[in-house]
Novice: 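The structure is given below, and queries will be raised subsequently.
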Amino acid sequence: MSFTRKYCLFIALSVLSIAPSFAQSVTATGKAIVYNDDVDDARYRATQQAIKQAVLQSSSRVSVNDRLKNGDLDSDIQIRSAGRVQQAKILHEERKGDFLTVVARVNVTPDSQCGNGATNFYQKSVGVTGFKLQDPEQASLGRLNNISRELPRDLANAINKQGFLRALNATNVAIYPDLINAPSAINDEGALSNVTRIGQQLGVQYIISGVIRDISPLYLRTPDSPSDNQEDGIQKERNFVLDLYIYDSFSGALFFQKRYSEIGEWDIADNARVGFGSAKFWTVHYGKVVREILRESAIDTSEKLRCQPFIASIFHTEGNRVHISAGSLSGIKQGDKLSVYRRFEIHNQNQTAQTQLNNANINVTIKQVQPNFSIGELAVDAQILNVQQQDVVIAW
């Protein structure tokens with residue numbers, strides 16, 4: 001491939017934590033694309049991904065400093081956690097075409113808790129909206145016109161496969177009226193006015209949106225070109241550039257953003273009607289590259305949200321009972337205790353509404369659990385405590 005990658009020899013990864021107090025040995029797999037036959041670079045990136053995956057699996061938080069020596073990955077990778085150094089050992093490495101897979105065993109010593117104090121094991125809910133293509137004409141190659149809805153659907157599946165979050169499909173929802181300037185905010189606080197509304201409609205804690213910036217070919221295509229340019233010795237490379245955005249649905253604030261940019265080979269006839277996400281699409285080299293981007297973005301999303309507090313809305317009150325928009329699918333169990341926070345709307349200097357959550361110093365005990373909601377009891381009547389619909393419960 002003609003694409004060149006540069007990387008730093010020292011990278012610090014900040015990953016998530018929930019305790020136990022003993023070291024865990026976790027075997028994890030990472031995969032990376034090989035560019036310019038640079039196996040050392042691919043090995044480095046695949047190992048990074050394997051370590052991140054291992055730390056997520058062990059529900060711990062570590063800082064990872066990886067070192068390349070003379071172009072080769074050190075077989076012992078230092079993982080520093082709470083002042084202790086543990087080891088990661090590469091067990092197996094396999095290259096298939098332009099993809100390198102690394103299997104590593106990582107010994108992780110977790111901190112006692114997340115850095116922000118979060119220790120819950122509940123699955124936070126995310127709603128994945130549609131990802132519009134910035135230049136729709138680029139979809140004509142391969143007939144990928146369905147990419148705006150199928151790509152985020154596949155991302156939601158990849159997130160659910162990770163097992164740390166519960167992703168819901170909302171690919172019929174479009175957030176950005178202006179794709180070029182996305183995610184520019186409507187107000188000065190970095191919030192989009194419709195994110196909170198969409199979050200309330202879906203009953204989710206976070207909204208994931210994105211813009212597909214580029215899926216253009218890097219080779220010259222003309223109406224007179226043969227159906228398969230490989231016959232002329234042309235390397236048929238194609239861009240894939242995706243901007244991913246994560247919003248807190250309670251405040252509408254932009255929580256995380258990242259650009260994923262790779263190049264894959266469109267090793268199929270130009271006139272083929274493939275369709276995004278079809279069985280044929282995933283066999284094309286370009287489709288395999290896209291699949292790895294989806295996996296990487298799913299890992300990044302899980303990593304970013306794993307240590308955040310769990311929040312769910314109160315949607316009904318009756319006497320001392322409150323109905324909460326999270327149930328067994330989120331890991332809620334009978335007997336769990338959650339803290340009640342009151343939701344207030346305040347306005348900044350521009351008179352833009354902002355959401356504020358204040359600790360009411362009230363606990364609710366879960367008595368009944370359904371798949372999508374649960375019922376909890378307060379010590380006294382909700383009206384006496386001024387607990388209302390649209391207030392929330394939080395678990396740290």
Side-chain angles (χ1 to χ4, degrees), residues 13-28 51-62 79 81-82 106-128 156-168 199 202-206 208 246 248-250 255-256 298-314 322-341 357 359 362-377 392-396:
L13 296 176
S14 186
V15 269
L16 310 168
S17 112
I18 294 201
S21 59
F22 51 86
Q24 300 181 62
S25 180
V26 180
T27 300
I51 292 172
K52 292 170 70 174
Q53 186 72 66
V55 175
L56 281 169
Q57 291 175 14
S58 66
S59 300
S60 60
R61 179 184 184 178
V62 297
I79 301 179
S81 174
V106 183
N107 292 333
V108 183
T109 300
D111 295 333
S112 60
Q113 57 183 8
C114 290
N116 61 359
T119 58
N120 73 81
F121 286 90
Y122 300 126
Q123 283 191 328
K124 288 166 278 291
S125 57
V126 298
V128 185
N157 292 336
I159 291 173
N160 287 328
K161 188 175 181 180
Q162 286 290 313
F164 305 104
L165 304 170
R166 187 165 64 94
L168 306 177
L202 297 177
V204 295
Q205 188 172 344
Y206 296 97
I208 297 178
I246 303 178
D248 171 32
S249 67
F250 289 96
F255 187 79
F256 171 77
I299 293 174
D300 288 342
T301 301
S302 298
E303 178 189 276
K304 188 64 179 178
L305 300 182
R306 186 68 176 87
C307 272
Q308 295 304 308
F310 172 83
I311 304 178
S313 294
I314 295 173
V322 296
H323 289 65
I324 299 165
S325 61
S328 59
L329 293 177
S330 299
I332 301 292
K333 302 180 298 299
Q334 186 175 345
D336 287 355
K337 294 184 182 296
L338 306 173
S339 299
V340 176
Y341 279 66
L357 301 178
N359 192 348
I362 302 169
N363 289 329
V364 56
T365 302
I366 303 299
K367 296 297 184 181
Q368 298 181 30
V369 180
Q370 301 294 327
N372 291 310
F373 72 93
S374 54
I375 302 174
E377 289 187 356
V392 301
V393 295
I394 295 182
W396 292 92

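Because the structure is a prediction, the values reported are computed rather than measured.
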Novice: Check ring-ring contact (aromatic ring centres under 6.0 Å, His included) between Phe255 and all other residues, then give those that pass, not counting sequence neighbours.
Specialist: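 With sequence neighbours excluded, Phe255 shows a ring-ring contact (aromatic ring centres under 6.0 Å, His included) to Tyr206, given in chain and number order.
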
Novice: Excluding sequence neighbours, so at least two apart, what forms salt bridge (charged side-chain N to carboxylate O under 4.0 Å, His left out) with Lys337?
Specialist: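 None.
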
Novice: If you take all heavy atoms of Lys124 and Leu305, which pair is closest and at what distance?
Specialist: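 Looking at all heavy atoms of both residues, the shortest contact is CE-O, 2.8 Å.
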
Novice: Can a donor-acceptor pair be found, under 3.5 Å and without considering hydrogens, that links the side chain of Ser328 to the backbone of Val369?
Specialist: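 Side chain of Ser328 to backbone of Val369, a donor-acceptor pair under 3.5 Å: no, none is there.
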
Novice: Could you pull out the closest heavy-atom pair between Ser374 and Ile332, with the gap in Å?
Specialist: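 Heavy-atom minimum between the residues: OG-CG2, 3.9 Å.
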
Novice: Looking at Lys304 and Phe256, would you say the former's side chain and the latter's main chain have a donor-acceptor pair under 3.5 Å?
Specialist: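 A pair under 3.5 Å: no.
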
Novice: Could you tell me which residues satisfy side-chain hydrogen bond (donor to acceptor under 3.5 Å, both in side chains) with Gln123, sequence neighbours excluded, listed by chain and number?
Specialist: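 side-chain hydrogen bond (donor to acceptor under 3.5 Å, both in side chains) list for Gln123, sorted by chain: empty.
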
Novice: So Ile246 and Ile208, side chain to side chain contact (heavy atoms under 4.5 Å, CB included) or not? Walk me through it.
Specialist: CA-CA 5 Å; Ile246 303 178; Ile208 297 178; 4.1 Å; yes

Novice: Provide the closest heavy-atom pair for Gln205 versus Pro309 in the form atom of the first, atom of the second, distance.
Specialist: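 Of all heavy-atom pairs spanning Gln205 and Pro309, the closest is NE2-O, 2.8 Å.
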
Novice: By side-chain contact (heavy atoms from CB on, under 4.5 Å), which residues pair with Ser325, not counting sequence neighbours?
Specialist: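 side-chain contact (heavy atoms from CB on, under 4.5 Å) list for Ser325, sorted by chain: Ala312, Ser313, Phe315.
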
Novice: Roughly how far, to the nearest 0.5 Å, is CD1 of Ile394 from CG of Leu357?
Specialist: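 Those atoms lie 5.5 Å apart.
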
Novice: Partners of Tyr122 by ring-ring contact (aromatic ring centres under 6.0 Å, His included), sequence neighbours excluded?
Specialist: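 Tyr122 satisfies ring-ring contact (aromatic ring centres under 6.0 Å, His included) with Phe310 once adjacent residues are dropped.
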
Novice: Tell me the closest heavy-atom pair linking Ala156 and Val128, and the distance in Å.
Specialist: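 Scanning both residues, the minimum pair turns out to be CB-CG2, 3.9 Å.
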
Novice: Judged by atom type as modelled, is there a donor-acceptor pair below 3.5 Å linking the side chain of Ser125 to the main-chain atoms of Arg166?
Specialist: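 Between the backbone of Arg166 and the side chain of Ser125 there is no qualifying donor-acceptor contact (under 3.5 Å).
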
Novice: So how far is it from Trp396 CH2 to Ile311 CD1, rounded to the nearest 0.5 Å?
Specialist: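 Here the interatomic distance stands at 7.0 Å.
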
Novice: If every non-hydrogen atom of Asn160 is compared with every non-hydrogen atom of Ala167, which pair is closest and at what distance?
Specialist: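 Residues Asn160 and Ala167, closest heavy atoms: OD1-N, 2.7 Å.
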
Novice: Just verifying a value: how many Å separate Leu329 CG and Gln370 CD, rounded to the nearest 0.5 Å?
Specialist: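 Reported value, rounded in 0.5 Å steps: 10.5 Å.
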
Novice: Which atoms form the tightest heavy-atom contact between Gln53 and Gln162, and what is the distance?
Specialist: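 Looking at all heavy atoms of both residues, the shortest contact is NE2-OE1, 2.9 Å.
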
Novice: Got a second to check how far Asn363's CG is from Asp336's CG, nearest 0.5 Å?
Specialist: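 With rounding to 0.5 Å, CG (Asn363) is 12.0 Å from CG (Asp336).
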
Novice: Among residues at least two apart in sequence or on other chains, which ones pass salt bridge (charged side-chain N to carboxylate O under 4.0 Å, His left out) with Asp300?
Specialist: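 Scan of Asp300 (salt bridge (charged side-chain N to carboxylate O under 4.0 Å, His left out), adjacent residues dropped) gives Lys52, Lys258.
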
